[in-house]
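Predicted, not measured: the structure shown is a model, and the values here were computed from it. Order of the sequence lines fixes the chain letters, A, B, ..., with proteins taken first and strands second; residue numbering starts at 1 for each chain. Note that these values count all heavy atoms, side chains included, but never hydrogens, waters or copies made by symmetry.
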Amino acid sequence: MNELHEKRKAAQGSATRQLAIWTTAWLLSQALLTFGSKLFWAHSDMANGLALILYLAMGFKMVLANRNLLKSLDELERQLQLESMAVTLGLTLVVGLGFSTLDIINMIPFDAEISYLVIFMGLSYLTTLLINKKRYQ
Amino acid sequence: MKNRIRDLRVQKSWTQEDLAQAIGVSRQTINAIEKGKFDPSLPTAFRLSLLFETKIEEIFSFEED
């Protein structure tokens with residue numbers, strides 16, 4: 001039955017590489033969308049539209065690659081990832097909306113930028129994953 | 001859920017890594033199952049049953065948490 005182990009490892013390796021490739025492509029398409037208008041095509045709506053379509057397509061492929069990686073994981077690891085995602089989703093909703101409301105009612109001296117939320121998501125995902133890993137040890 | 005996986009594994013002088021490789025899961029998964037912290041999927045339970053040549057109900061016993 002050792003071939004099961006080899007198959008799982010190979011599938012996981014391939015899924016990880018695919019995710020790395022599509023994440024890089026998505027980041028590059030984001031850079032193109034952000035800087036393309038200024039640097040390459042002088043605010044053309046057509047070019048901006050095409051860059052947006054490319055960005056969405058790359059993002060969609062990245063999401064699918066992430067789902068495939070999740071499917072290739074060992075069952076305990078998959079459960080850890082899913083639990084961490086669930087907690088992160090809930091926290092993002094609660095903290096994100098709360099943060100935005102604080103901005104609306106002027107209780108914070110700066111704008112509630114989306115980048116703060118992305119950083120918060122990353123940190124909460126990492127923290128929850130570490131806690132979950134400890135729980136199942 | 002309780003199980004006898006540790007006993008069955010030790011009887012065969014296997015390490016957790018040996019058992020993990022044999023049924024296609026990680027060593028951490030075997031460790032969590034043995035400690036009763038994680039209930040395996042049905043395919044994994046069947047693989048354990050085949051490997052140890054023991055009925056599933058003789059490996060696992062159900063207990064409400």
Side-chain angles (χ1 to χ4, degrees), chain A residues 1-23 62-91 121-137, chain B:
Chain A
M1 277 203 242
N2 272 13
E3 84 183 63
L4 270 175
H5 180 74
E6 296 304 322
K7 267 171 84 175
R8 187 176 63 79
K9 282 277 173 199
Q12 203 173 320
S14 163
T16 305
R17 275 191 300 279
Q18 288 293 311
L19 181 59
I21 289 167
W22 289 113
T23 303
M62 181 182 67
V63 171
L64 289 182
N66 196 27
R67 188 196 63 172
N68 286 342
L69 175 62
L70 203 61
K71 282 165 76 177
S72 76
L73 292 176
D74 160 77
E75 58 195 76
L76 173 64
E77 187 63 31
R78 192 183 311 134
Q79 177 156 326
L80 295 178
Q81 296 283 344
L82 287 174
E83 284 181 12
S84 303
M85 284 179 195
V87 171
T88 302
L89 179 65
L91 284 175
M121 281 177 78
L123 290 176
S124 64
Y125 187 68
L126 193 65
T127 308
T128 319
L129 195 59
L130 289 173
I131 292 170
N132 276 338
K133 275 185 185 280
K134 197 88 185 150
R135 270 180 52 214
Y136 284 97
Q137 263 178 7
Chain B
M1 205 155 59
K2 283 196 164 182
N3 66 74
R4 297 175 46 228
I5 291 167
R6 188 176 187 284
D7 295 340
L8 293 166
R9 176 175 64 78
V10 170
Q11 275 174 27
K12 295 206 179 259
S13 305
W14 289 342
T15 62
Q16 287 185 341
E17 186 64 44
D18 294 335
L19 180 54
Q21 293 213 358
I23 62 166
V25 297
S26 66
R27 190 200 61 76
Q28 288 78 6
T29 299
I30 296 298
N31 184 50
I33 294 171
E34 285 186 358
K35 288 185 172 175
K37 292 184 174 181
F38 176 69
D39 293 333
S41 65
L42 207 48
T44 298
F46 271 104
R47 285 187 191 114
L48 286 165
S49 167
L50 282 171
L51 191 69
F52 290 125
E53 297 172 323
T54 308
K55 289 179 180 172
I56 284 184
E57 58 268 34
E58 288 171 13
I59 300 178
F60 298 97
S61 55
F62 181 71
E63 275 182 3
E64 290 286 357
D65 289 333

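Within a 6.0 Å sphere centred on CE of A:Met85, other residues, nucleotides and ligands contribute more than 12 heavy atoms. The environment of B:Arg6 atom CZ is sparse: at most 12 non-hydrogen atoms of other residues, nucleotides or ligands sit within 6.0 angstrom. A 6.0 Å sphere centred on NZ of B:Lys37 holds more than 12 heavy atoms belonging to other residues, nucleotides or ligands. Crowding of B:Glu57 atom CD: a count of heavy atoms from other residues, nucleotides or ligands under 6.0 Å exceeding 12.
For a residue to count as touching a neighbouring chain, one of its non-hydrogen atoms must lie under 4.5 Å from one of that chain's; by this rule A:Gln79 touches chain B with the side chain only. Contact of B:Pro40 with chain A is made through backbone and side chain together, with heavy-atom distances under 4.5 Å.
If you take CZ on B:Arg47 and CG on A:Leu4, they are separated by 5.0 Å, rounding to the nearest 0.5 Å. Note that NE2 of A:His5 is 6.0 Å distant from CD of B:Glu17, once rounded to the nearest 0.5 Å. Atom OH of A:Tyr136 sits about 11.0 Å away from atom OG1 of B:Thr29, to the nearest 0.5 Å.
A:Asp74 places a side-chain N or O within 3.5 Å of a backbone atom of B:Ser26 that can act as its donor or acceptor partner.
A donor-acceptor contact under 3.5 angstrom links the side chains of A:Glu75 and B:Thr44, judged on distance only.
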